[in-house]
Structure formats: structure tokens, C-alpha cells
Amino acid sequence: MSNSVENLYRLDGRVPLGKALPFGLQHVLAMFVSNITPIMILAAAVGLDSAISAALIQNCMVIAGIGTLVQLFPVWRVGSRLPIVMGISFTFLSLAISIAGAYGMGTLIGAVIVGGLVEGTLGLFVKYWIKLIPHVASATVVTAIGFSLLPIGANSFAGGQGATDFGSMSNWIVGSVTLLACLLCQVFAKGFLRSLSVLVGLVVGYVLSCFMGMVDFGGLSGQSIIALPRILPFTPEFNVGAILSVVAVYLVSATETIGDTSALCNSALKRDPATREMGSAICCDGFVSSVSGLFGCTPITSFSQNVGLAAISGVVNRFTIGVGAVVMIIGGVFPVIGAALTTIPQAVLGGCTIMMFGSILFAGFGMMARAGFSQRNMVIVSLSLSMGLGFTQATGMFAIFPEIVRTVFAENCVAVVFLLAVVLNLVLPKKVQGEM
């Protein structure tokens, strides 16, 4: 196939490297902070020393790049051949802190490795259970993912949850200017510049934040030029209770991957995902998460913000996003690159991502329209979303349940929505009273 910039909007084909690089970099910038934050929080909570923490941050960049490349360019049946960007999952964070705090990092890593093998194996046999998840359930899960991301975008816009200057005037100014730059570029720009609207907004916001004194370059000093990833920083240990708990959360991660795959195909590729694609995406989610454990990291999963970016930009070319994946790996091998990316203020990232997250909601609404607005679908969607989104805002409701139930469901609206949608689809009669 010819080497053409027009291939940016096609799944296959080569794109000139000079054109592919900014689009690939756009994907890296969209997910970079979200990728390293779970590891940073885990390291601080468990009390790991600074050298190990730095090595894990480096490793999580490398494993995100490897996972993305496997999704783009499959190995056997592992990988969907879709433009899915992978990164360290927040879904496992609370459980990871609990297990590592009680039993040590070795036990956590052992559970991550075994759980990933379980999820990957489930992906191999997807055709036997995927019928339990009809189109209306997938649409509901995609919508829930969109809703669940909105507070993340809002918190970043205000400076990042827990920041001392949260909601300050400077964060409001930077976030608003960044969002306005993205919006103006998306509405008025033409051609490739419109597809780079998120990157344009990020550059504008970053330059403004530099002038406002919001960028700290202190972390760039003392960085080594090159450092190879550290394999097996912890010796895996295997605890049955920890493994079962982690496997339960892996099922939630598989649900999110199904939702992201559906959203990507419907919004960016304008079609429904094939069963093989969903199964292969889950395989990558699981098996590469086991590899992530070997690097001392928690599991990886598909990143919803990058699904939103693909929907907005229309850029779905595997080679282009693969260039971004290589940048991730380079960021891990050359620590100064990763350190430079960490200087981007949260308000800039919030201004870039808030509209991207809304585009996932839009994709969910479109999927619902294709599923049809029957009385039965109305019951499934409305009850699943109202309970899933509502109950997880009142986490104390789950206090009467065992710890594993609280871990999986109390703060994970996607898991609750998915479970309710599947159960309602199974128990409701095919024709609800009042339908024609």
C-alpha cells in the first residue's frame, strides 16, 4: 500500500514518519499521566523507596508501549488489530494497595501474573460467552465509561485531585484556554490541523502555563541519559485469596475492554466490532498484563481517553499509533523524555480531555439508537445506569458486603452497570408489556 498521509484515516497503510509522529505523540500525551499515576500512588502507599519507584515508572511506559504494539500488530490471537492504546489500569489500584500493604509486592505481582493468564484464556474462548452481552448491554457499558471519565477530566481541569491549588484561578485560566484552543481548532481548522486539535490545545496550554510559572522543570535535573527496564524487581509469591480477588477485578477490566472496543469501532471505524476482535483485545489485556507483572507493574487495559481521541480526530492508522507506542518505549528507555512529559500541568491535560470524554458518551448514545428504543431496552438502560452511576456515588451502601464485593463494585460504576445490564437482559422477557 502507498506511503500517503491519506492513510491516517485508514486502519492500514504507511504514513510518512514526519506526519505520523505528531499524531502518534498526541496519543501518548493524552494518556501519559494516567498511565504513570497508578504506579506513583501505589509506590507511595506501600512505601517503596525512590529508586524502585523510578524504575516502576520507567517500566510502566515500556509495558504500555509493548501492549499497544501487540494490540496493533497481533501475535497469534493476542491483539485485536485495532487502534487501541494500552496503559496501566486504575481499576486495580485500591485492591493492589490492599494486597501489597498486607502481603507485600511479591504477592501482588504473583496475583497479577496468574489473573492475567485467566483473562487472556477467557479471551480465547470469547465466542462461547459473548452472546451474554447483547448490543444494548455494550451500549450501556460504553455510556457508563463516558460518564465515569467526566469527573477525571474535571479534576484534571481544576489542577488534579489533591493539588494544593485545586480550583485556583490559574488552573481555571489554563484549562479554559486549552479547551478553547482545542475547540476552535476542531471547529474552524481544516485538514490535518483539525485532526491535531488536541495536540494544538496541549501546546497552547503548555506555553501559557510556562509563562504563568506553573511548570516545574526541577525533575529534569540528574536524570540519566539511558536506563534499561528492570525485569522482576519483586519475586512473585502466590496467595490463593489474593489471586481470586485480582481475578474478579480482571473480569471488570475485560468488561471495560469490551466497551472500549465497541466504542472505538462504532465511533471511529463506523461499524460494530467483530467477535474475534473483542476476544483478541481481551487476550491482549490479559496476557500482556501478566508480562506487566514481570516488570513489577499492575495490569494494563485499553485507555478510554484514547478511544475518544480517535473518535474526535478520525485518525485510526495502526502505523501512526504504533509510532506513538514506540515513543512510549523510548520514554521508558530514556528517562529524561518521560520526566519531560511529567512537567505538563494537570489543568492542560484536563482542558484537552474533557471534550474527548464527552465524545465517548456520544458514541454510547449512538449505539443505543442502533439497538432501538424499545420498552425492554429502556428498562435495561435506565435501571443499569441509574443504579450503577447512583449507587457507586454512595459507596457506604456497600458496607454490609464482603471486602471482595466492595473492592470490585463499590467505586466502579462500569462493573455495576455491566452486571445489571447482563442480568436484566437474561431475566426480562423478550417482549415487555406495552410493546407492539
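In this structure, the side chain of Lys131 does not engage the main chain of Tyr128 through any donor-acceptor pair within 3.5 Å. The main-chain N or O of His27 is found under 3.5 Å from a side-chain atom of Asn306 such that the two form a donor-acceptor pair. In terms of modelled atom types and a separation under 3.5 Å, the side chain of Ser290 and the main chain of Ile113 share a donor-acceptor contact. Judged by distance alone, with hydrogens and angles left aside, the side-chain atoms of Asn317 form no donor-acceptor pair with the main-chain N or O of Arg14 at under 3.5 Å. Side chain of Arg230 to main chain of Phe295: no donor-acceptor pair is present (N/O by atom type, distance under 3.5 Å, no hydrogens or angles). One N or O on the side chain of Asn377 and one on the backbone of Ala371 form a donor-acceptor pair closer than 3.5 Å. Under a 3.5 Å cut-off, the side chain of Ser209 and the backbone N or O of Tyr206 do form a donor-acceptor pair. Looking only at distances, a side-chain donor or acceptor of Gln58 sits under 3.5 Å from a matching main-chain atom of Ala227. A distance-only check finds no donor-acceptor pair linking the side chain of Asn35 to the backbone of Met31 [under 3.5 Å]. Judged by distance alone, the side chain of Ser292 and the main-chain N or O of Val288 form no donor-acceptor pair under 3.5 Å.
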Exercise. Between Val291 and Ile66, does a side-chain contact (heavy atoms from CB on, under 4.5 Å) hold up when you go through it step by step?
Worked result: CA-CA 10 Å; Val291 178; Ile66 292 173; 5.6 Å; no
For this session: Show your working on side-chain contact (heavy atoms from CB on, under 4.5 Å) between Val315 and Thr320 and close with a plain yes or no.
Result: CA-CA 8 Å; Val315 175; Thr320 299; 4.2 Å; yes
Exercise. Would Ser384 and Thr140 satisfy side-chain hydrogen bond (donor to acceptor under 3.5 Å, both in side chains), going step by step from the backbone distance to the final call?
Worked result: CA-CA 8 Å; Ser384 299; Thr140 310; 5.5 Å; no
Exercise. Passes side-chain contact (heavy atoms from CB on, under 4.5 Å), Ile243 versus Phe238? Steps please.
Worked result: CA-CA 7 Å; Ile243 290 171; Phe238 302 98; 4.2 Å; yes
For this session: May I have the step-by-step check of side-chain contact (heavy atoms from CB on, under 4.5 Å) for Tyr9 and Val316, ending in yes or no?
Result: CA-CA 6 Å; Tyr9 309 104; Val316 294; 5.6 Å; no
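Counting only heavy atoms from C-beta outward, the side chains of Phe166 and Asn171 never approach each other to under 4.5 Å. Between Trp172 and Phe157 there is a side-chain heavy-atom pair separated by less than 4.5 Å. Using a 4.5 Å heavy-atom threshold, the side chains of Leu72 and Arg81 count as separate. The shortest side-chain heavy-atom distance between Leu251 and Glu119 does not fall under the 4.5 Å cut-off. A 4.5 Å side-chain heavy-atom check between Asp216 and Thr343 finds every atom pair outside the cut-off. By the 4.5 Å heavy-atom criterion applied to side chains, Leu93 and Ser89 are not counted as neighbours. The shortest side-chain heavy-atom distance between Thr143 and Phe147 falls under the 4.5 Å cut-off. Taking the side chain as every heavy atom from C-beta outward, Met328 and Val85 approach each other to under 4.5 Å.
How far CZ of Arg406 is from CZ of Phe401: 10.5 Å, rounded to the nearest 0.5 Å. The structure places CG of Asp260 at 11.0 Å from OG1 of Thr255, a figure rounded to the nearest 0.5 Å. Here CG of Leu264 is found 6.0 Å from CG of Leu82. Values are rounded to the nearest 0.5 Å. The line from CD1 of Ile145 to CD of Glu256 is 6.0 Å long, rounded to the nearest 0.5 Å. The CZ atom of Arg318 sits 5.0 Å away from the CZ atom of Phe73 when rounded to the nearest 0.5 Å. Rounded to the nearest 0.5 angstrom, Asp12 CG and Asn7 CG are separated by 9.0 Å.
Residues Gly350 and Ser156 approach most closely at CA-CB, 3.6 Å, considering heavy atoms. Looking at every heavy atom in both residues, Pro233 comes nearest to Leu294 through CD-O, 3.8 Å. Nearest approach of Val333 to Val62, heavy atoms of both residues: N-CG2, 4.5 Å. Heavy atoms only, all atoms of each residue included: Val70 and Val78 are closest at CG1-O, 3.4 Å. In this structure, Cys283 and Arg77 approach most closely via the heavy-atom pair CB-O, 3.8 Å. Nearest heavy-atom pair, Ala281 versus Thr257, reported as atom, atom and distance to 0.1 Å: CB-CG2, 3.8 Å.
When Ile57, Asn59, Val112 are each tested for a side chain to side chain contact (heavy atoms under 4.5 Å, CB included) with Cys297, only one passes: Asn59.
Aromatic rings of Tyr250 and Phe92 (six-membered ring for Trp) have centroids within the 6.0 Å cut-off, being under it.
Summarising the local packing, CZ of Phe217 is surrounded by more than 12 heavy atoms from other residues, nucleotides or ligands at distances under 6.0 Å.
Applying the salt bridge (charged side-chain N to carboxylate O under 4.0 Å, His left out) rule to pairs touching residues 274-295 yields Arg271-Glu277, sequence neighbours excluded.
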